[in-house]
There are 4 protein chains.
Amino acid sequence: MISPTSPDFARRRAPEERPQQIIDAALAVFDERGLAGARLEDIAQRAGVAKGTIYLYFPDKEELFREVVRRTLVDRLEALGQEITAGAEAGASVAEQLRLYVERWWAFLVTTEYQAVYRLIIGELHRFPELADFYTREVKSRVHGLVGAMIARGIASGEFRGDIDASSAMRILGSMLMSHAMWTCRARLLDDAPTGDQQQLPFTLLDFFLRGMRPDAPASGAASDDSSNAS
Amino acid sequence: MISPTSPDFARRRAPEERPQQIIDAALAVFDERGLAGARLEDIAQRAGVAKGTIYLYFPDKEELFREVVRRTLVDRLEALGQEITAGAEAGASVAEQLRLYVERWWAFLVTTEYQAVYRLIIGELHRFPELADFYTREVKSRVHGLVGAMIARGIASGEFRGDIDASSAMRILGSMLMSHAMWTCRARLLDDAPTGDQQQLPFTLLDFFLRGMRPDAPASGAASDDSSNAS
Amino acid sequence: MISPTSPDFARRRAPEERPQQIIDAALAVFDERGLAGARLEDIAQRAGVAKGTIYLYFPDKEELFREVVRRTLVDRLEALGQEITAGAEAGASVAEQLRLYVERWWAFLVTTEYQAVYRLIIGELHRFPELADFYTREVKSRVHGLVGAMIARGIASGEFRGDIDASSAMRILGSMLMSHAMWTCRARLLDDAPTGDQQQLPFTLLDFFLRGMRPDAPASGAASDDSSNAS
Amino acid sequence: MISPTSPDFARRRAPEERPQQIIDAALAVFDERGLAGARLEDIAQRAGVAKGTIYLYFPDKEELFREVVRRTLVDRLEALGQEITAGAEAGASVAEQLRLYVERWWAFLVTTEYQAVYRLIIGELHRFPELADFYTREVKSRVHGLVGAMIARGIASGEFRGDIDASSAMRILGSMLMSHAMWTCRARLLDDAPTGDQQQLPFTLLDFFLRGMRPDAPASGAASDDSSNAS
DNA sequence: TATGAATGAGATTTCATTCAT
DNA sequence: AATGAATGAAATCTCATTCAT
């Protein structure tokens, strides 16, 4: 009874309608309780199905967990991809383009679903190395690919300084965005979250990043202070 | 040493020797398995005691968890504090001083214990808001206090640009250090970790940060006034 | 019969069939071992269900205990009530009627279930004051009501002596019946049980009671003052 | 260090000073919690000794229980015996003598210790048939012996009616006293206890008993209504 | 003698998983 | 396909008992 015409059918002997309800519910419960702490009963209840029904779609709790992480990431990434390509006709400078990407990227990061998955990844990934691989492959390398390429272009064009490699730079940008996204989302819990205009935050961070990437003053050797630490 | 004549002597004594073994073992197991996934039996075994012994010192699993987080943080922070005050004789510029602090801070962050606790904090803190408070209060505000104050001094002296507030800046620095520390520690798992000289990484990040904090060079090299704040 | 379309359908349903099996088994095991001594495993086994099944119907051991006492008493009392009302067409004298009641009452007291519950009530009721209340309310006051009323009628009519109040008299009758019922049931254990015709015992006791209730001095009308209150 | 000159040394390799503290504490805790529910820790605490100390005097919990029952009964009975023999020089009629005995007996029954033991006997004696024997032998037969003999004398002398055997009569008297003693002691719990002058209660019961034992009025057949129930 | 920390068997309780309906 | 009662393995927690001090 599952219509095979449905858009996101694909992927594994995966289900379709009911399954999505279950996955959504599972994500929420896994997020609240962790993998071991989540009770199938609660997931079922939240999904509005009976416990047994879950087993029609997922062989066991662990595989459900895997599927939750995979599917949530895939779905979110798809959205991210569409957003990014939709606005990809680009601006003049690399900095301008980066602005666009960071905006989308940020929107992705502060998503409830991404946060939940991220938390699970931090907390429970030890025992699921294949999920770690999946995450690295699908998320990091994807985003890193896009953004890293742009940075590389900036370096090549001289818009960015050349004494830092693109992937390090991208990691720096990523670290700032990721952490701040998390802090923003957990503001209530941590009560030490970034203040000020939340909408502006990603751009503030980007600006900081761009400063750090500016080529050294062409004229004098102002950067020589830096090298002093080597002595 | 303890007068056995008082029949109704304090039932539960402050943890002292045995408790520490248990806490250490528990940290390891909680880290591997998460809170719900950790089995008391495993903790006991790793601590080299019997299951029941744990209950002589901790009323239940949850309280053990709390104590693990609290005590580990307290111990680590103490070490951090000693390291920092030990080298507090200050450098010439704020940048110099920051170098020192970042070195210690980084050493703290890549500690196995901190990483474990951090993971637990990310993954399991929902249900332990009081631990979140504890973490914010004890760790974040402590480190932020120290480093934030230094940055504030740099801003005041003109060594750093004035159009960013100290606490935002500190959060930026913190986000870079924290994320990179984690990535470094999980290199094996994520296979996307920072490459290059691990020893150098915190300084590379600091340098990037300092660039971002440099005052906009309006005319000439105004930053040479740095030494003025020393007076 | 139960609409499965309502997802959040009542979680715990009223005990019905299975619960009764469990209660019966529990009564037996509680009786043998006492509350603390009874093992859920044994109860489950005797009920022919798995350990976990018990928890589908009772939240924990203590509540099971409570329910066992409550339900057993209610069931038995219902039977007692039916027996009594069934034979309520009344006799000539109060003594005649009392005979009938005592017969039923005795049949109730020597019931295995009553004996078990009574033992539990004596032995374990400290910690369950609400059960003590329940017992007093449901059993004692019910029986006392019936029998006490009859005795009161006897006193009023002058058939019984007037210098004793009905409720004291009823307690005397009750004490005799209860103790002898218990001794009879525990004959094997105590080896000091009443001898003679068991069937006759309650009537022997009643006769003794009636003697004790006989108005004084048949000669003069000393008791006639009593009957005055009947007019 | 146990003085063998102590009066109540005797009986089993039984202890002496410390042991008595333990037994007293144990009786209280067993009474509150039942055999299985009582924790050695609580007994130790209440006795003001360490857990281990108990094992210096009693091989295990069950034997402690046995000893508690035995010793408490023996002690109480000894007191009862002294009281009874002390006032045994007797009155004129059997009824008079019985009055004296009932007074002592009642004092024994309402004793906290007797009540506790009685409760244990009712509740936990299944698994300790030897204790049941002990109880029957030491308590019932002892009291029954004394009182039964008196009743027999009364019957023989014609003071009591002859159509009831002494031991049945004694059981009737006993049942009234025992139950009422219990109800009196549990007044707070059962809220259906006998009212009126507590001091007077045993005598009220005895009077009732004596009435029931009165020979049938020699003159007219006033009691003939009674015999009608035999038809 | 006396202690009480330590033990570990055993009890209660939970919950992933199955399966008859 | 869907259900949810039933299962029983496995986890948490308790406590009688031991033993080094």
Side-chain angles (χ1 to χ4, degrees), chain A residues 1-2 15 17-18 36-45 48-62 64, chain B residues 1-7 9-13 16-18 36-44 47-62 64, chain C residues 2-5 7 9 11-13 16-18 36-44 48-62 64, chain D residues 1-2 15 17-18 36-45 48-62 64:
Chain A
M1 294 305 167
I2 285 176
E17 257 285 333
R18 197 53 54 89
R39 287 158 56 229
L40 266 290
E41 177 102 38
D42 288 344
I43 295 173
Q45 194 182 157
V49 300
K51 251 184 308 171
T53 305
I54 295 175
Y55 285 86
L56 295 175
Y57 299 101
F58 307 94
D60 60 19
K61 195 188 183 184
E62 232 176 75
L64 171 59
Chain B
M1 38 202 73
I2 285 171
S3 156
T5 59
S6 64
F9 186 77
R11 194 130 297 253
R12 197 161 306 285
R13 202 164 347 153
E16 212 164 11
E17 260 287 330
R18 194 51 53 90
R39 289 158 54 229
L40 265 294
E41 177 108 42
D42 289 345
I43 295 173
V49 300
K51 247 180 312 167
T53 305
I54 295 175
Y55 288 88
L56 292 177
Y57 298 100
F58 306 95
D60 59 18
K61 194 187 184 183
E62 234 176 72
L64 171 58
Chain C
I2 285 170
S3 156
T5 59
F9 186 77
R11 193 130 297 250
R12 199 161 304 284
R13 204 168 342 157
E16 214 163 14
E17 260 287 332
R18 193 53 52 92
R39 287 157 54 227
L40 266 292
E41 176 108 42
D42 289 344
I43 294 173
V49 300
K51 249 180 309 169
T53 304
I54 295 175
Y55 287 87
L56 293 178
Y57 298 99
F58 308 95
D60 60 17
K61 195 187 183 183
E62 234 176 73
L64 171 59
Chain D
M1 295 301 168
I2 286 177
E17 256 286 334
R18 196 52 55 90
R39 288 156 58 228
L40 265 291
E41 177 101 38
D42 289 344
I43 294 173
Q45 193 181 160
V49 300
K51 249 185 308 172
T53 306
I54 295 175
Y55 286 87
L56 295 176
Y57 299 101
F58 307 94
D60 59 19
K61 195 189 185 183
E62 230 175 78
L64 170 58

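Keep in mind it's a predicted model, so treat the numbers as computed, not measured. Throughout, protein chains are lettered first and strands after them, A, B, ... in sequence-line order, and every chain is numbered starting at 1.
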Check: Which heavy atom of C:G37 sits nearest a heavy atom of D:A36, and at what distance?
Finding: N-CB, 3.4 Å

Next item on the list: Return the minimal non-hydrogen interatomic distance between D:Y55 and D:D60, and the atom names on each side.
Entry: CE2-CA, 4.2 Å

Next item on the list: Starting at the 5' end of nucleotides 16-21 of chain E, put B wherever the base has a protein heavy atom under 4.0 Å, S where only the sugar-phosphate does, and a dash everywhere else.
Entry: SBB---

Rounded distance (Å) that lies between atom [atom2] of [N] and atom [atom1] of [X]:
{"X": "A:R18", "N": "F:dT3", "atom1": "CZ", "atom2": "C1'", "result": "11 Å"}
{"X": "B:L56", "N": "E:dG8", "atom1": "CG", "atom2": "P", "result": "13 Å"}
{"X": "B:I54", "N": "F:dA11", "atom1": "CD1", "atom2": "P", "result": "14 Å"}
{"X": "B:D42", "N": "F:dA10", "atom1": "CG", "atom2": "C1'", "result": "12 Å"}
{"X": "C:Y57", "N": "F:dA5", "atom1": "OH", "atom2": "P", "result": "7 Å"}

Check: Can you check whether C:R39's main-chain N or O pairs, donor with acceptor, with C:K61's side chain at less than 3.5 Å?
Finding: no

Next item on the list: Run the numbers on C:L64 and C:Y57 for side-chain contact (heavy atoms from CB on, under 4.5 Å), then give the verdict.
Entry: CA-CA 9 Å; C:L64 171 59; C:Y57 298 99; over 6 Å; no

Item checked: Listed partners of D:A44 passing side chain to side chain contact (heavy atoms under 4.5 Å, CB included), at least two apart -> D:V49, D:K51, D:I54

Notebook entry, point to check: Of all residues at least two apart in sequence or in a different chain, which pass the side chain to side chain contact (heavy atoms under 4.5 Å, CB included) check with A:A50?
Noted result: A:T53

Check: What residues, two or more places apart in sequence or in another chain, satisfy side-chain hydrogen bond (donor to acceptor under 3.5 Å, both in side chains) together with B:E41?
Finding: none

Notebook entry, point to check: According to the Watson-Crick and G-U wobble definition with distances under 3.5 Å, which dot-bracket string, read 5' to 3', encodes DNA chain F, using [ ] for crossing pairs and | for pairs with another strand?
Noted result: .||||||||||||||||||||

